[in-house]
Amino acid sequence: MLDLRRLRQDPAAVRESLARRMDLHALEQVDRVIELDARRRTMVAEVEALQAERNLQSDEVARRKRAKESADDLLGPLKESGERVRVLEADLRDVESMLEGHLLNVPNTILPDVPEGGVAHNVVVRNWGTPREFAFTPRPHWELGQALGLFDLPRGTKLTGSGFPLFTGMGARLVRGLASFMLDLHTTEHGYTEVQPPYLVNRASLTGTGQLPKFEEDLYHASVDDLFLIPTSEVPLTNMYRDEILDGAMLPITLTAYTPCFRREAGAHGKDTRGLIRVHQFDKVELVRLVRPEESTREHALLTGHAEAVLQRLEIPYRVLALAAGDTGFASACTFDLEVWAPGVDNWLEASSASTFEDFQARRANIRFRPTPGAKPEFVHTLNASGVAFPRTIIALLENGQQADGSVVLPAALVPYVGTDRLVPLA
RNA sequence: GGCGUGGUGGCAGAGCGGUUGAAUGCACCGGUCUUGAAAACCGGCGGGCCCGUGAGGGUCUCGUGAGUUCGAAUCUCACCCACGCCGCCA
């Protein structure tokens with residue numbers, strides 16, 4: 001949520017920043033917000049002036065009653081002005097709810113360093129690792145997975161539908177190993193606190209992080225209880241501190257969680273339907289940081305490094321993309337994507353997205369802190385990154401590690417967790 | 001699912017329908033004292049919004065929303081949440 005005062009003070013700067021998203025709708029929303037904000041302030045002044053007058057008269061009634069004097073002459077006018085206040089307040093509430101409705105649909109502003117343009121203008125800021133030279137044509141992960149008995153996608157489809165992968169045997173073991181490996185890395189070496197959160201969350205939580213109200217169609221909904229399956233553990237982790245005022249000494253708060261993620265992927269039908277590239281349910285280890293505003297740029301780099309460390313330990317070649325303004329997510333002010341190299345499908349696949357939201361989520365979720373004891377509360381800055389998403393990591397492990405004999409060599413870091421250095425085809 | 005109890009400021013915990021934004025204690029901030037610290041003492045101390053360059057002023061807020069009333073933390077209704085017991089179940 002944007003800061004109304006900032007919008008009021010310098011609407012041109014906000015509009016300019018939003019324009020970089022190349023989202024005309026956002027600009028229209030902002031204009032509505034500016035208009036409603038002005039209306040709201042006029043109405044507030046009016047209601048409050050009337051209330052102030054009423055309060056004085058009401059105090060006079062109280063004073064006279066205490067002095068055992070008659071106050072009957074004041075009661076009539078007070079009753080009447082009470083009705084007027086009631087009406088004005090109802091109008092005010094209407095305007096305020098419209099204002100909030102529009103404001104919640106305005107995306108975050110973009111940071112100055114973010115590249116201009118749309119998806120095509122994302123910038124590769126660095127590469128890590130060197131894609132292997134293959135003496136044979138590398139096979140796609142779905143062939144490898146089937147040959148190695150790691151997953152059974154047709155049966156997963158039978159259980160639920162397409163996009164709900166079923167891992168089996170060493171595949172299931174690999175998933176479990178990856179979870180332990182990543183959590184161990186982040187908790188022992190990067191200092192995160194491990195969390196095991198609920199997988200269903202309420203509307204307030206999803207509004208806090210920005211998935212609602214705009215992206216409801218992307219979420220699985222348990223309608224009887226009006227709860228939603230989490231699309232990422234960013235939602236429960238960030239919302240842990242919703243409506244709180246934190247002690248500045250607690251910051252930065254750094255959290256990690258291993259959870260499944262559920263995404264309807266509405267509008268993505270027919271895209272990347274093969275294998276594990278795009279699925280409705282996947283596991284992910286998430287990293288969330290709540291930090292002091294002045295730290296957020298540095299924290300963003302640190303966070304990105306934590307996600308990169310996972311891929312480095314797994315010896316997976318990857319590249320870091322600075323997303324262009326037009327490709328940056330609704331709530332994000334700046335995002336770096338980590339894309340792993342997948343030789344079998346001959347493509348780079350997003351395995352992590354590291355974003356800084358500045359105070360956008362903190363305003364929605366009302367997460368504040370006191371810079372020093374006794375000081376006025378300020379909004380924290382929130383950041384998060386996948387550290388990292390499983391399916392595409394598994395794709396990269398399989399496709400990069402595959403050997404001519406059909407086996408897959410695992411990176412050394414994973415051996416203690418999976419119990420073998422090599423996955424071999426079923427007999 | 002049934003019955004019961006309760007939701008007040010960072011925490012604990014008072015609160016007759018009218019100088020109560022809310023006693024008191026703790027915590028916290030500033031000060032006195034001290035070589036320093038502790039203790040003691042003095043003072044301050046919720047949050048949002050609006051107006052104001054500022055000092056400051058106004059308004060709202062005692063789970064949420066409606067209602068009664070000139071006036072509600074205090075009365076009524078609905079909802080939400082927490083806790084306890086029973087039932088069911090991992």
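Here is how names work: the chains are called A, B, and so on, in the same order as the sequence lines, proteins then strands, and each is numbered from 1. Note that the structure is predicted; figures quoted are calculated from it, not measured.
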Any donor-acceptor pair under 3.5 Å linking the side chain of [X] with the backbone of [Y]?
| X | Y | value |
| --- | --- | --- |
| A:Q361 | A:T209 | yes |
| A:H280 | A:R264 | yes |
| A:D152 | A:R155 | yes |
| A:S180 | A:G177 | no |

Please tell me which of the listed nucleotides, [options], lies nearest to the side chain of [X]?
| X | options | value |
| --- | --- | --- |
| A:R93 | B:A66, B:G67, B:C49 | B:A66 |
| A:L78 | B:U59, B:C70, B:G46 | B:C70 |
| A:A45 | B:C70, B:U59, B:C50 | B:C50 |
| A:K376 | B:G48, B:C49, B:G18 | B:G48 |
| A:A62 | B:G18, B:G58, B:G47 | B:G18 |

Go ahead and name the base partner of [N]; Watson-Crick or wobble counts if both distances stay under 3.5 Å, otherwise write none.
| N | value |
| --- | --- |
| B:C89 | none |
| B:A40 | B:U32 |
| B:U59 | B:G48 |
| B:G25 | B:C11 |
| B:C16 | none |
| B:C83 | B:G4 |
| B:C75 | B:G67 |

Does [N] have OP1 or OP2 under 4.0 Å away from a side-chain N or O of [X]?
| X | N | result |
| --- | --- | --- |
| A:K79 | B:G71 | no |
| A:Q51 | B:G58 | no |
| A:N55 | B:C70 | no |
| A:R41 | B:C51 | yes |
| A:R8 | B:C50 | yes |
| A:R5 | B:C49 | yes |
| A:R368 | B:G48 | yes |

Using atom [atom1] of each nucleotide, how far apart are [N] and [M] to the nearest Å?
| N | M | atom1 | result |
| --- | --- | --- | --- |
| B:U64 | B:G6 | C1' | 16 Å |
| B:A22 | B:A73 | C1' | 8 Å |
| B:C3 | B:C60 | P | 39 Å |
| B:G13 | B:G71 | P | 34 Å |
| B:G18 | B:C28 | C1' | 33 Å |
| B:A37 | B:G44 | P | 24 Å |
| B:G47 | B:A23 | P | 15 Å |
| B:U53 | B:G46 | P | 25 Å |

Euclidean distance, atom [atom1] of residue [X] to atom [atom2] of [N] [Å, nearest integer]:
| X | N | atom1 | atom2 | result |
| --- | --- | --- | --- | --- |
| A:R203 | B:C79 | CZ | C1' | 17 Å |
| A:E60 | B:C70 | CD | C1' | 12 Å |
| A:E80 | B:G71 | CD | C1' | 17 Å |
| A:R242 | B:G63 | CZ | C1' | 14 Å |
| A:D3 | B:C49 | CG | P | 9 Å |
| A:D37 | B:C49 | CG | P | 12 Å |
| A:M43 | B:C60 | CE | C1' | 16 Å |
| A:E83 | B:U68 | CD | C1' | 12 Å |

Exercise. Per the side-chain contact (heavy atoms from CB on, under 4.5 Å) rule, which among A:T420, A:L174, A:D421 passes with A:L414?
Worked result: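 Of A:T420, A:L174, A:D421, side-chain contact (heavy atoms from CB on, under 4.5 Å) with A:L414 is met by A:L174 alone.
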Exercise. What do you reckon, are the aromatic ring centroids of A:H300 and A:F336 less than 6.0 Å apart?
Worked result: yes
Exercise. Base, sugar-phosphate, or nothing for A:V61, non-hydrogen atoms under 4.0 angstrom?
Worked result: base
For this session: Select base, sugar-phosphate, or nothing to describe what A:P377 touches, counting heavy atoms under 4.0 Å on all strands.
Result: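 Touches sugar-phosphate only.
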Exercise. Yes or no on salt bridge (Lys or Arg N to Asp or Glu O under 4.0 Å) for A:R6 and A:D10, after CA distance, side-chain angles and deciding distance?
Worked result: CA-CA 6 Å; A:R6 173 182 165 214; A:D10 198 352; over 6 Å; no
Exercise. Is A:D226 salt-bridged to A:R203, cutoff N-O under 4.0 Å?
Worked result: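 Salt bridge flag = yes for A:R203 with A:D226.
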